Amino acid sequence: MHAVAADNTLPQRTIAVMPAYNASKTIRRTLEDIPKGVVDEVILVDDCSTDDTVEVAKSLGVTVIEHKKNGGYGANQKTCYEHALQRGADFVVMIHPDYQYDSRVMGAAIEFIKLGICDVVLGSRIRTRREALKGGMPVYKYIANRFLTTIENVALGQNVGDFHSGFRAYSRAVLEKIPFQTNSDDFVFDSQFLAQAVHFGFRIGDVPVPVRYFDEASSINFRRSAKYGLATLGVLAQFHLHRMDIWKNRLFLEKQTSSD
C-alpha cells in the first residue's frame, strides 16, 4: 500500500517494464543506469528465453513474469502493461533490457507526462544522421526509419523524431484507454499502438535518447524489418479507412467493459 501524503493524496507510482528475450548479459547494465528514485518497481517479462535471463533478473531484485511459451514482442508488451496496471502504475516506462537505449533519461521522459505536456513520450534515437550512424545503426535501418517516420508523421499529423523507438513512456490513462490487447503479437504492435494513441486524442512527444548497437543488443534482420515496414504502412491505411468510416477496425474501437 502507498503511504498517504500530507495533502491526503497517494504518491504517484512509476513502473519500468522490460520485454525480455535472451537478455541475461545486459540486464544488469540497463538497471544500473536507471537513476535512483525514478521508478518504484521494475517488471521484466521473459518470453521463454533460452539463456538465464530469468535467474539473473531475479537475482537483481526485479519482478519477473514468465511466459509459458514464446508469444512474440507484441505479446510480451501486452503482459508488461497488464501487470503494470495491476500493480498500480500511474506512469509506465517501457525499455528494452538489452542496454541499447540509455535508461538514464527515464526521469526526463516521465516528467513531461507528469507536467501534463504529453501523454506518450518516445525516446528519439536520431538527432542527426551522423550521430545515428556513428552509434552503430545500420545504414538500411536508418534509411527505413527515416522513410517510415516521415510517412507516419504526415499520415498521423505528428512531428515525432523516431516512431520506431524501443523506449516509450505512458500515462496510466493511455494504457487504460487504448485497446492494446487487440494488437498484433509481433513487432507491428508498436506502430498500431501509436496510431491508436493519435486516434484517441493523446499527445505524443519525444526526448533524445543515446543508443548503442553491439552484438548483444536486440535487432531484427532485414527480412523482418521489411515485413515490419509493410505492416506499418498497412496500419496507416487502416487508420484512415476507419476515420473515414469506410472500414471500421477493431484497433480503433473503444475497450469493452465487463458491463457492456
Side-chain angles (χ1 to χ4, degrees), residues 1-7 9-20 23 26-45 57 60-65 76-77 80-128 131-132 135 158-178 190 193-194 197 202-213 217-218:
M1 296 291 290
H2 294 307
V4 178
D7 59 357
T9 61
L10 293 175
Q12 294 177 313
R13 181 168 170 79
T14 300
I15 293 181
V17 297
M18 296 182 174
T26 54
I27 297 171
R28 182 182 295 275
R29 285 182 290 174
T30 304
L31 289 171
E32 287 176 346
D33 275 359
I34 299 176
K36 293 186 183 301
V38 169
V39 300
D40 299 289
E41 183 179 8
V42 177
I43 298 174
L44 180 141
V45 177
L60 295 171
V62 172
T63 300
V64 177
I65 310 297
N76 195 318
Q77 284 196 68
C80 284
Y81 302 142
E82 287 173 354
H83 282 271
L85 291 174
Q86 290 170 11
R87 299 178 75 85
D90 297 294
F91 310 102
V92 176
V93 185
M94 188 273 285
I95 186 170
H96 297 175
D98 60 0
Y99 201 57
Q100 182 178 134
Y101 295 86
D102 195 328
S103 51
R104 293 178 300 171
V105 303
M106 278 189 180
I110 288 295
E111 194 61 27
F112 279 102
I113 300 176
K114 289 183 175 180
L115 290 172
I117 297 171
C118 301
D119 306 299
V120 178
V121 176
L122 308 178
S124 176
R125 296 167 290 176
I126 302 174
R127 288 186 293 188
T128 66
E131 183 176 290
Q158 303 297 305
N159 189 26
V160 176
D162 181 4
F163 260 95
H164 308 283
S165 173
F167 179 100
R168 301 174 176 224
Y170 307 112
S171 69
R172 182 181 185 90
V174 170
L175 295 173
E176 288 182 329
K177 181 75 171 181
I178 289 178
D190 281 346
F193 196 105
L194 291 179
F202 292 112
R203 298 160 299 174
I204 303 175
D206 56 12
V207 295
V209 54
V211 292
R212 318 167 182 94
Y213 288 86
S218 62

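The structure presented is a predicted model; accordingly, all values stated were derived computationally and were not measured.
- Qualifying salt bridge (charged side-chain N to carboxylate O under 4.0 Å, His left out) partners for R127, counting only residues two or more places apart in sequence or in other chains: E131.
- Closest approach of T30 and Y99 over heavy atoms only: OG1-N, 3.1 Å.
- Nearest heavy atom pair, residue A89 against residue R172, reads O-NH1, 2.7 Å.
- Partners of H164 by ring pair (Phe, Tyr, Trp, His ring centres under 6.0 Å), not counting sequence neighbours, listed by chain and number: Y228.
- For the pair S165 (side chain) and L122 (backbone), a donor-acceptor distance under 3.5 Å is absent.
- Between the R13 side chain and the D90 main chain, no donor and acceptor come within less than 3.5 Å of each other.
- Checked by atom type and distance alone, the side chain of T26 pairs as donor or acceptor with a backbone atom of P97 at under 3.5 Å.
- Scored by the side-chain contact (heavy atoms from CB on, under 4.5 Å) test, Q86 finds E82, H83 as partners (sequence neighbours excluded).
- Between the D206 side chain and the S124 main chain, no donor and acceptor come within less than 3.5 Å of each other.
- Listed by chain and number, the residues in a side-chain contact (heavy atoms from CB on, under 4.5 Å) with A109 are V121, F167, A169, V207 (sequence neighbours excluded).
- The side chain to side chain donor-acceptor pair (under 3.5 Å) pairs that include a residue from residues 102-114 are D102-R104, where partners are two or more places apart or lie in different chains.
- Counted within 6.0 Å of CZ on F112, heavy atoms from surrounding residues, nucleotides or ligands total 12 or fewer; the atom is thus considered open.
- Minimum interatomic distance between E41 and T63 (heavy atoms only, all atoms of both residues): OE2-OG1, 2.7 Å.
- Closest non-hydrogen pair, I15 versus A84, comes out as CD1-O, 3.8 Å.
- Checking side-chain atoms of D162 against main-chain N and O of R125 turns up a donor-acceptor pair under 3.5 Å.
- In this structure, H96 and P19 have side chains that are in contact, with non-hydrogen atoms separated by less than 4.5 Å.
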**Message:** Checking V38 against F91 for the side chain to side chain contact (heavy atoms under 4.5 Å, CB included) test, could you report, in this order, the C-alpha distance in whole Å, the side-chain angles of both residues, the deciding distance, and whether it holds?
**Reply:** CA-CA 11 Å; V38 169; F91 310 102; over 6 Å; no
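- Considering I34, V17, I95 as possible partners of V39, the one that fulfils the side chain to side chain contact (heavy atoms under 4.5 Å, CB included) test is I34.
- For the atom pair SG of C118 and CD1 of I110, the computed distance is 11.0 Å after rounding to the nearest 0.5 Å.
- Once rounded to the nearest 0.5 Å, the distance linking CZ of F193 with CZ of R168 reads 8.5 Å.
- The side-chain contact (heavy atoms from CB on, under 4.5 Å) test applied to R203 returns D119, not counting sequence neighbours.
- Residues that satisfy the side-chain contact (heavy atoms from CB on, under 4.5 Å) test with A57, not counting sequence neighbours, are I27, L44, V62, V64.
- Taking the side chain to side chain donor-acceptor pair (under 3.5 Å) definition, one finds that D190 meets it with Y73, Q77, sequence neighbours left out.
- Qualifying ring pair (Phe, Tyr, Trp, His ring centres under 6.0 Å) partners for Y81, counting only residues two or more places apart in sequence or in other chains: Y170, F180.
- Distance alone, capped at 3.5 Å, is enough to place a donor-acceptor pair between the Y101 side chain and the G166 backbone.
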